[in-house]
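In what follows, every heavy atom counts, from backbone to side chain, and hydrogens, waters and symmetry copies are set aside. Every value quoted in this text rests on a predicted model; they were computed, and no experiment measured them. Residue indices begin at 1 and follow the sequence shown. Read the numbers this way: they start at 1 and go in the same order the structure lists the ligands and their atoms.
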Amino acid sequence: MTELNFEKHFQDKVDAEIKIEPKDWMPDAYRKTLIRQISQHAHSEVVGMLPEGNWISRAPSLRRKLILLAKIQDEAGHGLYLYSAAETLGISREELVEQLLSGKAKYSSIFNYPTLTWADIGAIGWLVDGAAIMNQVMLTRASYGPYARAMVRICKEESFHQRQGYEIMLTLAKGSAAQQHMAQDALNRWWWPSLMMFGPKDDDSAHSQQSMKWKIKRKSNDELRQQFVDVTVQQAEVLGLAIPDPDLKWNEERGHYDFGEINWDEFWNVVKGNGPCNKQRLDARIKAHEDGAWVREAAMAYAEKKEQRKLMESAKAEAA
Ligand code: BYC
């Protein structure tokens, strides 16, 4: 088969909803796009543990602490499934981690904002995990098998995360005036960054068109953002909280909420590394990597010893 035939066969499979598996032929650009997106996603899960980790020791009760610990451990697990999915495309874990620590790889803009009060933990679960699910449900149908399968489990766990966040917000919103104020303040600070999670506007999205043709993405950034706004407005109403957008209005004709313009300068500034916590987040990951060096060394030494023992045993068996 010529390169062109391979390409046609590949696209026919994608169009017929047949999953692409690691050993199948795929265009280089498809492989590159997947490595980029899956690894950014993995990095986001891992860096995403930091803002919430900041509140483990200050959770207001033992029950809250246990739930938060479980949620953060889930995020670590998501990172691991996703790194494994990226590795099936021929890149090593070391390279992926190096790209994150050197600042070469991106991770979600949202994790560069600080968690100032306990209500931020509620807002992250409700809005950040809520936005993540909106985006990730479509990824369970991504054309690349290992990515799609990892997303199924991740989505189930994200849905528990979203509920735990909403339940924190509900408790605060029904609490004292000070608690209500905390909940509203968290919503004010997390609303716009959550909308930014979906990425640039469709017209400015470099990869969307091609990724949709390859069925990596099934919906555009703007479509998902709109879907998120539509469901979240109603949830805010139940909480009795106000979404900080004077332009938010139901549009009967479109059957959707209209909403205000996102501050795209802020978005790109954060993506380029100049957000409020970018430096703090990367420094924390670098420190964790350095502190964990002895674990990696010990694991490698154990693996080498096991391999040596296996070789000696097979040499003995051959000699006998
Ligand atoms: N932040 O052409 P576009 C979680 C970049 S974590 C930073 O639209 P694409 C959780 C984009 O990478 C969930 N960068 O790109 C964890 C590209 O730059 P490059 C995280 C962004 O890939 C812990 C450029 O802008 N979810 O749930 O077609 C606790 C142009 O964009 C962002 C995922 O990672 C951003 N927000 O679409 C709690 C989902 N947006 O690479 C919760 C998987 C865009 O050319 N990823 N950029 O240098 C995706 O679905 C897609 O990659 C995106 C962007 C929708 C994010």
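Annotation: atom 13 (C) of ligand 1 to nearest protein heavy atom, Gln136 NE2, 3.4 Å.
Residue Ser211 places every heavy atom at 4.0 Å or more from ligand 1. Under the 4.0 angstrom criterion for non-hydrogen atoms, His161 is not in contact with ligand 1. Contact annotation: Lys217 has at least one heavy atom less than 4.0 Å from an atom of ligand 1.
Taking each of Ser39, Ser44, Gly48 in turn, the one with a heavy atom nearest to atom 20 (C) of ligand 1 proves to be Ser44. Across the listed options Phe111, Phe198, Tyr107, Phe267, Phe267 owns the non-hydrogen atom lying nearest to atom 32 (C) of ligand 1. Considering only non-hydrogen atoms, atom 52 (O) of ligand 1 lies nearest to Gln37 out of Gln209, Met49, Met212, Gln37. Remark: among candidates Glu157, Met197, Lys106, Gln40, the nearest residue to atom 41 (O) of ligand 1 is Gln40, based on non-hydrogen atoms.
In this pair, Phe6 and Trp25 present their aromatic rings parallel. The plane angle is below 30°, not in the 30 to 60° band.
The ligand atoms of ligand 1 that sit less than 4.0 angstrom from a heavy atom of Ala132 are 27 (O). The atoms of ligand 1 that sit less than 4.0 Å from any heavy atom of Glu52 are 29 (C). Of all atoms in ligand 1, listed by their number and element, those nearer than 4.0 Å to a heavy atom of Ser109 are 1 (N), 7 (C), 35 (C), 36 (N). In summary, the atoms of ligand 1 found under 4.0 Å from a heavy atom of Ser205, numbered by their order in the structure, are 2 (O), 3 (P), 8 (O).
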Give the intermediate values and the outcome of side-chain hydrogen bond (donor to acceptor under 3.5 Å, both in side chains) for residues Trp250 and Glu252. CA-CA 6 Å; Trp250 177 251; Glu252 195 62 53; 3.3 Å; yes

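Residues Arg153 and Glu157 are paired through a salt bridge, judged by an N-O separation under 4.0 Å between the basic side chain and the carboxylate. Ion pair Arg163/Glu167 not flagged as a salt bridge, since none of the NZ, NE, NH1 or NH2 atoms sits closer than 4.0 Å to an Asp/Glu carboxylate oxygen.
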